[in-house]
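Below is a structure I'd like to ask you about.
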Amino acid sequence: MSLISSNLQAVQHEIATVARSTSCRADEITLLAVSKTFGVEQVLLAADAGQRAFGENYLQEALEKIALVRQLRPELMLEWHFIGPIQSNKTRPIAESFDWVHSVERLKIAQRLSEQRPASMPALNVCLQVNISGEASKSGVAAAEVVELARAVALLPRLKLRGLMAIPEPSTDPVVQRAAFHRVQLLMAQCHAAGLDMDTLSMGMSADMDAAIAEGATIVRVGTAIFGARTYAK
Ligand SMILES: *Cc1c(COP(=O)(O)O)cnc(C)c1O
């Protein structure tokens with residue numbers, strides 16, 4: 001068994017354990033394997049261990065990886081999620097190559113993704129990235145503007161608004177971690193109260209996954225705990 005395969009088992013076990021102890025349903029939590037900086041070889045090891053959903057941050061790296069995986073193993077029906085910052089001149093390849101985008105924070109980006117999503121593909125699943133830590137973070141839509149943005153994105157024909165995504169300011173204190181994820185859950189409740197049909201909370205990474213699950217995460221985005229530490233040198 002590969003290290004990646006045993007890491008995946010350990011993370012799945014952790015999800016099930018935390019879900020049980022917080023009366024969430026483990027089968028309603030999707031593990032997104034964040035493969036940024038790792039190669040096709042590692043993606044295939046994870047895929048052969050049963051992993052289906054992969055998350056990528058850097059567009060060029062992701063496009064090369066997706067193309068190579070499709071070429072080498074066309075039978076694998078992997079799901080690709082874009083989770084990194086989006087430049088407005090790079091929306092087309094995202095709309096053409098991904099199944100999900102978690103990092104939508106402006107209407108203009110959403111409009112471009114909708115216009116550029118090929119008619120031959122299903123609607124692109126999107127989450128709005130929320131700035132949950134206020135001034136400590138530059139990315140994400142401000143909490144006060146989430147419902148308004150969600151209403152506008154929900155009307156775009158080639159997108160399917162699925163939910164909210166957040167990356168809180170890092171903390172090692174589980175109480176602080178939960179408080180941040182709880183704010184995301186409250187924003188989701190506001191969206192539901194506004195009549196929006198959304199089913200996804202994308203929150204929690206290797207270091208704060210347990211807190212996120214306890215606050216209702218339905219997608220956890222995990223890199224390090226599956227693939228090991230990243231080195232960015234290129
Ligand atoms: C890198 C990254 C992750 C995974 O982080 P780990 O700490 O390696 O689990 C999750 N979400 C986003 C948006 C990331 O950029």
Side-chain angles (χ1 to χ4, degrees), residues 1-38 41-57 76-84 99-100 102-103 125 127-130 132-133 137 140 162-189 191-192 198-230:
M1 190 164 73
S2 71
L3 180 59
I4 286 175
S5 160
S6 58
N7 286 346
L8 271 170
Q9 273 188 17
V11 173
Q12 290 286 13
H13 183 259
E14 175 86 6
I15 291 172
T17 305
V18 180
R20 206 176 306 121
S21 72
T22 55
S23 54
C24 309
R25 288 185 45 197
D27 62 358
E28 288 174 355
I29 301 170
T30 299
L31 172 58
L32 180 64
V34 177
S35 45
K36 66 182 178 207
T37 79
F38 291 97
E41 206 178 317
Q42 282 103 332
V43 168
L44 292 180
L45 281 170
D48 287 335
Q51 180 62 31
R52 283 293 157 268
F54 291 85
E56 291 283 340
N57 286 57
L76 286 176
M77 301 292 281
L78 301 187
E79 199 177 86
W80 293 96
H81 295 230
F82 192 75
I83 61 175
D99 303 291
W100 283 71
H102 294 226
S103 40
N125 297 293
C127 292
L128 306 182
Q129 182 172 350
V130 180
I132 212 63
S133 300
S137 158
R162 297 298 296 267
L164 304 178
M165 181 273 238
I167 311 173
E169 198 185 357
S171 164
T172 51
D173 181 348
V175 176
V176 175
Q177 292 175 353
R178 277 193 67 157
F181 292 130
H182 190 67
R183 292 201 293 279
V184 189
Q185 196 187 64
L186 293 178
L187 287 170
M188 184 72 146
C191 292
H192 288 158
M198 293 156 69
D199 61 7
T200 300
L201 280 179
S202 166
M203 54 191 200
M205 321 202 289
S206 297
D208 57 11
M209 179 182 94
D210 295 4
I213 293 171
E215 294 296 338
T218 65
I219 298 183
V220 289
R221 308 177 312 268
V222 179
T224 310
I226 297 172
F227 296 106
R230 288 180 289 276

Check your understanding: Taking the side chain as C-beta and beyond, is there a heavy-atom pair between N125 and T200 under 4.5 Å?
Key ->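 A side-chain contact under 4.5 Å is absent here.
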Exercise for review: Can you see which heavy atom on A180 is nearest to which on P168, and at what distance?
Suggested key: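 Answer, listing the atom of A180 first, then P168: CB-CB, 3.7 Å.
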Check your understanding: Where do A211 and F181 come nearest, in terms of heavy atoms and distance?
Key ->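 Minimum heavy-atom contact is C-CD1, 3.8 Å.
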**Study point:** Steps toward side chain to side chain contact (heavy atoms under 4.5 Å, CB included) verdict (H102, Q129)
**Key:** CA-CA 6 Å; H102 294 226; Q129 182 172 350; over 6 Å; no
**Study point:** Sole candidate of F38, W80, F82 that passes ring-ring contact (aromatic ring centres under 6.0 Å, His included) when paired with F54
**Key:** W80
Review point. Got a donor-acceptor contact below 3.5 angstrom from the D48 side chain to the L45 backbone?
Key: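 Checking the backbone N and O of L45 against the side chain of D48, no donor-acceptor pair under 3.5 Å is found.
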Review point. Between R183 (side chain) and I132 (backbone), is there a donor-acceptor pair under 3.5 Å?
Key: yes
Review point. Any chance NE2 of H192 has more than 12 other-residue heavy atoms, nucleotides or ligands included, within less than 6.0 Å?
Key: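 Enclosed.
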Less than 3.5 Å apart, which donor and acceptor atoms pair up between the side chains of residues 213-229 and the rest of the protein, not counting sequence neighbours?
unit_1, atom_1, unit_2, atom_2, d
E215, OE1, H182, ND1, 2.9
E215, OE2, R178, NE, 2.8
E215, OE2, R178, NH2, 3.1
T218, OG1, L201, N, 2.9
R221, NH1, S202, O, 2.9
R221, NH1, S202, OG, 3.0
R221, NH2, A166, O, 3.3

Check your understanding: Could you go step by step and tell me if L76 and R52 meet the side chain to side chain contact (heavy atoms under 4.5 Å, CB included) rule?
Key -> CA-CA 8 Å; L76 286 176; R52 283 293 157 268; 4.2 Å; yes
Practice item. To the nearest 0.5 angstrom, please state how far the CZ atom of R230 sits from the CG atom of N57. Key: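 CG of N57 is found 7.5 Å from CZ of R230.
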Practice item. State, to 0.1 Å, how close C191 and M198 come at their nearest heavy-atom pair, and which atoms those are. Key: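 It is CB-SD, 3.6 Å.
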Practice item. Enter the distance from L164:CG to L186:CG here, rounded to the nearest 0.5 Å. Key: 11.0 Å
Point to revise | Which atom of S171 lies closest to which atom of Q177, heavy atoms considered | key: O-NE2, 2.7 Å
**Study point:** From CG (L32) to CD (E56), nearest 0.5 Å
**Key:** 9.5 Å
Practice item. Report the distance from atom CD of E14 to atom CG of N7, rounding to the nearest 0.5 Å. Key: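 E14 CD to N7 CG: 12.5 Å, rounded to 0.5 Å.
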Practice item. Starting at OG of S103, measure out to CD1 of I167 and round the result to the nearest 0.5 Å. Key: 8.0 Å
Check your understanding: Do you know which two heavy atoms are closest between A212 and G204, and how far apart they sit?
Key ->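 Distance-wise, the nearest heavy atoms are CB-CA, 3.4 Å.
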Practice item. Show your working on side chain to side chain contact (heavy atoms under 4.5 Å, CB included) between V11 and M209 and close with a plain yes or no. Key: CA-CA 10 Å; V11 173; M209 179 182 94; 4.0 Å; yes
Check your understanding: About how many Å separate OG1 of T30 and NE2 of H81, when rounded to the nearest 0.5 Å?
Key ->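 These two atoms lie 7.5 Å from each other.
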Check your understanding: Can you name the closest pair of heavy atoms from Q51 and L8 and give their distance?
Key ->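 Smallest interatomic distance, heavy atoms only, reads OE1-CD2, 3.5 Å.
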